Amino acid sequence: MDHAADTFRTDLMTITRHVLNEQSRHPESRGDLTILLSHIVLGCKFVASAVNKAGLAKLTGLAGETNVQVPQGEEQKKLDVLSNEVFVNALVSSGRTCVLVSEEDEKATFVDPKLRGKYCVCFDPLDGSSNIDCGVSIGTIFGIYMIKNQDTVTLEEVLQPGKDMIAAGYCMYGSSCTLVLSTGNGVNGFTLDPSLGEFIMTHPDIKIPPKGKIYSVNEGNAKNWDTPTAKYVEKCKYPTDGSSPKSLRYIGSMVADVHRTLLYGGIFLYPADKKSPSGKLRVMYEVFPMSFLMEEAGGQSFTGKGRSLDLIPTDIHERSPIFLGSSDDVEEIKALYAEEAKKAGSA
């Protein structure tokens with residue numbers, strides 16, 4: 001007797017079912033966001049497949065060009081180009097977008113009026129691409145906004161504060177393919193089941209611990225840090241309250257570092273420094289989506305001056321410092337910046 005039917009589970013929460021459930025919370029919705037998200041999910045599946053066979057398909061070599069962040073000198077890989085094309089095509093063909101902002105494209109892409117919808121999607125198609133050749137986890141980051149008038153959309157309408165975002169997520173391509181998503185009602189994680197070709201919910205209602213034991217920062221930049229950052233990292237290593245030191249974990253791929261922070265707690269830091277006075281991470285498709293997810297999971301995100309999601313960008317590739325993670329840990333760095341500001345004010 002064949003028991004295959006007995007072992008096949010029909011109660012799995014797929015990402016499609018989850019998004020439809022979220023849609024049902026809003027009787028006035030027409031399913032536009034659901035359709036858009038399904039196209040993003042399809043793009044993630046395609047890139048996951050390409051990443052898995054990148055070495056075999058010779059996709060890891062240089063594409064002979066650099067991405068738009070020239071000062072950073074980041075070499076663009078063939079896989080970067082492919083991933084960008086995949087997401088641009090998926091988003092345009094959804095019929096639900098009117099403008100796209102990609103880390104790989106210098107200018108925003110305005111969708112043909114015949115194919116336009118009411119959403120703007122900002123995305124980094126392949127974050128951490130410098131790690132491709134050594135097999136470290138890389139990922140896609142995206143944030144979604146609504147545009148008031150899709151027919152006359154301008155670049156100014158795209159430059160919205162992060163708090164106006166309606167959905168955000170990332171997909172991490174590593175030992176497994178994990179997609180973390182929020183539509184403003186908590187954060188959920190899904191893992192791609194290759195046998196089904198479907199993302200299954202594996203991390204329901206993610207809540208970051210209020211305090212963590214890990215800090216994540218590139219200590220190679222330590223000589224250029226400002227005083228609050230230097231003091232905070234010193235405190236992580238040599239706590240004065242009798243507690244154990246925090247562990248340093250730094251992968252160098254934002255998606256992987258933030259994913260670990262979200263699950264285990266702690267803090268991820270990419271501060272401004274003398275070398276990068278405006279910070280290094282891009283506001284619209286790195287800082288905003290990750291800050292949105294962190295806040296939805298009960299954490300905080302801070303720029304060194306204020307809440308990250310309150311920033312109003314003036315350029316689609318603008319950069320910002322960022323400190324995000326467990327609420328208590330971010331409070332500590334906020335206190336150090338407040339102390340520094342107070343000293344500067346009384347000087």
Side-chain angles (χ1 to χ4, degrees), residues 15-16 18-23 25-26 28-45 47 83-84 86-105 108-111 115-125 127 139-150 153-172 179-190 199 255 258 282-297 301 308-313 316-318:
I15 194 165
T16 306
H18 168 73
V19 171
L20 286 169
N21 284 351
E22 289 297 301
Q23 180 188 317
R25 294 172 186 270
H26 306 279
E28 74 286 358
S29 69
R30 298 185 305 154
D32 288 338
L33 183 60
T34 301
I35 291 169
L36 174 57
L37 287 170
S38 71
H39 279 72
I40 291 174
V41 168
L42 180 61
C44 291
K45 288 178 184 176
V47 173
S83 302
N84 192 48
V86 164
F87 279 103
V88 169
N89 291 339
L91 293 166
V92 170
S93 66
S94 74
R96 300 301 184 275
T97 59
C98 54
V99 60
L100 310 175
V101 173
S102 168
E103 192 260 356
E104 298 295 340
D105 295 328
T109 300
F110 289 88
V111 178
L115 295 170
R116 280 187 186 175
K118 60 185 176 184
Y119 295 109
C120 163
V121 182
C122 305
F123 61 100
D124 185 345
D127 179 73
T140 297
I141 309 171
F142 60 90
I144 303 172
Y145 293 92
M146 193 176 289
I147 298 293
K148 287 172 186 167
N149 194 332
Q150 63 204 52
V153 61
T154 63
L155 198 57
E156 284 66 38
E157 288 178 85
V158 173
L159 299 169
Q160 299 183 38
K163 63 186 177 185
D164 290 349
M165 198 173 274
I166 62 167
Y170 60 80
C171 189
M172 184 174 70
L179 196 154
V180 174
L181 173 70
S182 176
T183 55
N185 185 38
V187 181
N188 293 282
F190 305 82
F199 281 98
V255 169
V258 170
R282 279 63 61 118
V283 172
M284 295 195 71
Y285 39 81
E286 291 177 324
V287 171
F288 278 169
M290 293 308 202
S291 299
F292 183 89
L293 290 166
M294 202 57 73
E295 287 199 8
E296 281 292 320
S301 182
S308 298
L309 293 179
D310 286 339
L311 273 175
I312 301 175
I316 61 171
H317 297 299
E318 189 172 315

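Throughout, numbering of the chain's residues begins at 1 and tracks the sequence. Here the structure is a predicted model, which is why all the values come from computation and not from measurement. Side chains included, hydrogens not; waters and symmetry mates left out as well; all remaining heavy atoms used.
Residues Cys44 and Leu179 come closest through the heavy atom pair SG-CD1, 4.0 Å. Here the shortest heavy-atom pairing between Asn185 and Glu296 reads N-OE1, 3.5 Å. Between Arg282 and His317 the shortest heavy-atom distance is CG-O, 3.9 Å. The two residues Ser291 and Leu309 make their nearest non-hydrogen contact at CB-CD2, 3.7 Å. In plain terms, the two heavy atoms of Phe288 and Ser308 that are nearest each other are CE2-O, 3.2 Å. Looking at every heavy atom in both residues, Pro125 comes nearest to Glu104 through CG-CG, 3.6 Å.
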Dump the intermediate steps for side-chain contact (heavy atoms from CB on, under 4.5 Å) on Leu91 and Leu36, then the final yes or no. CA-CA 7 Å; Leu91 293 166; Leu36 174 57; 3.6 Å; yes

Test side-chain contact (heavy atoms from CB on, under 4.5 Å) on Ile144 and Leu37 and set out the steps. CA-CA 10 Å; Ile144 303 172; Leu37 287 170; 3.8 Å; yes

Working note: Val258 + Met294, criterion side-chain contact (heavy atoms from CB on, under 4.5 Å); need CA distance, chi angles, decisive distance, verdict. CA-CA 9 Å; Val258 170; Met294 202 57 73; 3.9 Å; yes

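Met165 contributes atom CE, which lies 7.5 Å from atom CE of Met284 (distance to the nearest 0.5 angstrom). In this structure, the separation between SG on Cys122 and CG on Leu100 is 9.0 Å, given to the nearest 0.5 Å. Taking CG from Leu181 and NE2 from His18, the interatomic distance works out to 5.5 Å, rounded to the nearest 0.5 Å. A distance of 9.0 Å separates CG of Leu311 from OG of Ser301, quoted to the nearest 0.5 Å. Once rounded to the nearest 0.5 Å, the distance linking CG of Asp105 with CG of Asn84 reads 4.5 Å. Separation of atoms CD1 (Ile35) and CD1 (Ile40) is listed at 12.5 Å; rounding is to 0.5 Å.
Annotation: side chain of Pro161 is not in contact with side chain of Asp310 (no heavy-atom distance under 4.5 Å). Side-chain contact between Leu20 and Gln23: present, with at least one pair of heavy atoms (C-beta onward) separated by less than 4.5 Å. When side chains are defined from C-beta on, Tyr285 does not count as touching Ile141, because their heavy atoms never get closer than 4.5 Å.
Thr97 places no side-chain N or O within donor-acceptor distance of the main-chain N or O of Val99, the cut-off being under 3.5 Å. For the pair Gln160 (side chain) and Met146 (backbone), a donor-acceptor distance under 3.5 Å is present. No side-chain donor-acceptor contact under 3.5 Å links His39 to the backbone of Asn89. Formation of a donor-acceptor pair under 3.5 Å by the Thr140 side chain with backbone atoms of Tyr170 is not found in this model. In this structure, Arg116 contributes its side chain and Val111 its backbone to a donor-acceptor pair below 3.5 Å.
Under the side chain to side chain contact (heavy atoms under 4.5 Å, CB included) test applied with Ile166, the options Phe292, Tyr119, Tyr145 reduce to a single match, Tyr119.
Ring-plane geometry between Phe87 and Phe123 is classed as tilted, the angle between the planes lying from 30 to 60 degrees on a 0 to 90 degree scale.
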